[in-house]
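Read the numbers this way: they start at 1 and go in the same order the structure lists the ligands and their atoms.
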Amino acid sequence: MAAQTEHTDPAAGIDRALTALREGFMARFRAAATEQALRDENAKVLGKKGELTAILSQLGKAPPDQRKRIGEGANALRREVEAGFETCLHDLRKKVRAAELEAPPFDLTLPARFPLADGGHRHPISQVREDVVNVFRQLGFAVFDGPEVEHEEYNFGLLGYPPDHPATDMQDTFWTDRKLLLRSHTSNVQIRAMKSVKPPMAFIAPGTVYRRDDDATHSPMFHQIEAFLVDRNVTLAHLKGVLAEFAERIYGPGTPVRLRPSYFPFVEPGAEVDIGCVFCKQSDGTRKGCSLCKHTGWIEILGCGMIHPVVFENCGIDPDEWSGFALGMGLERIAILRYGIPNIKLLFENDPRFLAQF
Ligand code: PHE
């Protein structure tokens with residue numbers, strides 16, 4: 001008889017199901033022993049595939065004049081369930097906290113965990129930077145800082161780059177604006193220093209530089225250190241002396257150094273500096289070298305030269321009275337050579353398995 005009523009009166013069936021749910025849900029919530037179990041139970045009632053939703057999907061079968069009443073009842077039930085859930089959650093958390101406070105205290109007789117010897121250390125780039133900075137500090141150079149977002153004049157123009165120089169191209173330089181760029185080298189600091197300090201001076205400028213370059217040995221962001229010295233009667237011999245000292249202190253006593261003529265707009269003469277290959281040590285040419293020095297026995301490490309008279313003039317320094325040298329090197333390259341790192345990306349990914357090796 002009941003089955004038949006239900007069949008002929010869907011509204012009564014829905015009412016009965018809602019009542020059953022209303023009478024039962026709180027006991028189910030109370031029975032949940034963990035927060036997750038409570039949330040699961042709540043989802044079984046209110047979730048998309050929950051019981052209340054299933055009941056309401058029958059609403060269409062109820063006579064139209066009953067639907068409003070049933071719908072309102074269902075919404076009231078939803079609010080009751082929500083409130084019941086919150087109450088149970090609150091009680092459950094209180095119970096967990098009370099249990100924690102009741103639990104036996106920490107066992108102070110257990111041995112302590114000591115920090116691991118390899119728990120952390122400076123990044124290889126930071127280590128190389130500190131080493132290079134220290135070498136130049138010992139030689140009497142002071143640190144001069146410059147901006148990473150720079151006027152094109154300081155990065156290119158005043159250094160003697162013609163306006164159409166390829167390095168200024170969209171391909172090579174990140175422009176932030178028509179006149180502003182991310183500096184492509186630390187040579188901007190030469191200009192900044194010489195415009196603001198009266199010679200004599202000896203500075204180094206460590207910092208981040210940016211170029212549109214990206215392969216196994218080039219990264220769009222990398223680190224350079226610039227060193228420059230301005231005084232009376234500075235010659236190429238002084239530059240070579242500093243380079244020899246630098247190579248000895250960074251790569252070990254007796255490391256051979258050679259200068260190869262090269263071109264940079266802001267130096268004259270300009271040179272690239274090679275050191276004897278640190279891997280095969282065969283710069284004497286007697287044997288065949290190794291793949292890392294491309295079988296030449298030599299490895300290029302930096303660019304340098306005597307500061308161009310035009311650069312002095314651009315900074316208000318009299319080139320007849322003063323002369324100087326400048327050099328610039330990439331820190332990633334030094335780290336790669338020192339540690340035999342096969343790909344520059346490893347220095348930026350900061351994988352702990354890689355970093356733990358230094
Ligand atoms: N600025 C040059 C570069 O980034 C390096 C350099 C510095 C060359 C100083 C000469 C003198 O390639």
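Neither the backbone nor the side chain of L302 comes within 4.0 Å of ligand 1, counting heavy atoms alone. Heavy atoms of F266 found under 4.0 angstrom from ligand 1 belong exclusively to the side chain.
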What's the verdict on salt bridge (Lys or Arg N to Asp or Glu O under 4.0 Å) for K345 and D351, showing C-alpha distance, side-chain angles and the deciding distance? CA-CA 10 Å; K345 300 281 179 302; D351 184 326; over 6 Å; no
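Ligand 1 lies less than 4.0 angstrom from a heavy atom belonging to Q224. Under a 4.0 Å heavy-atom criterion, G270 is not in contact with ligand 1.
A salt bridge links D91 and R30; the closest N-O separation between the charged side-chain nitrogens and carboxylate oxygens is under 4.0 Å. Ion pair E300/K294 not flagged as a salt bridge, since none of the NZ, NE, NH1 or NH2 atoms sits closer than 4.0 Å to an Asp/Glu carboxylate oxygen.
Every atom of ligand 1 with a heavy atom of E226 under 4.0 Å away is listed here by number and element: 7 (C), 9 (C).
In this structure, the side chain of Q127 engages the main chain of R122 through a donor-acceptor pair within 3.5 Å.
Among all protein heavy atoms, the one lying closest to atom 7 (C) of ligand 1 is G328 N, 3.3 Å. Remark: minimum distance from atom 1 (N) of ligand 1 to any protein heavy atom is reached at S187 OG, 2.8 Å. For atom 12 (O) of ligand 1, the closest non-hydrogen atom on the protein side is R211 NH2, 3.7 Å.
Outside the 6.0 Å centre-distance limit, the rings of F228 and F325 are not counted as a close aromatic pair.
Residues R211 and F174 are not in side-chain contact: their nearest non-hydrogen atoms beyond the backbone lie 4.5 Å or more apart.
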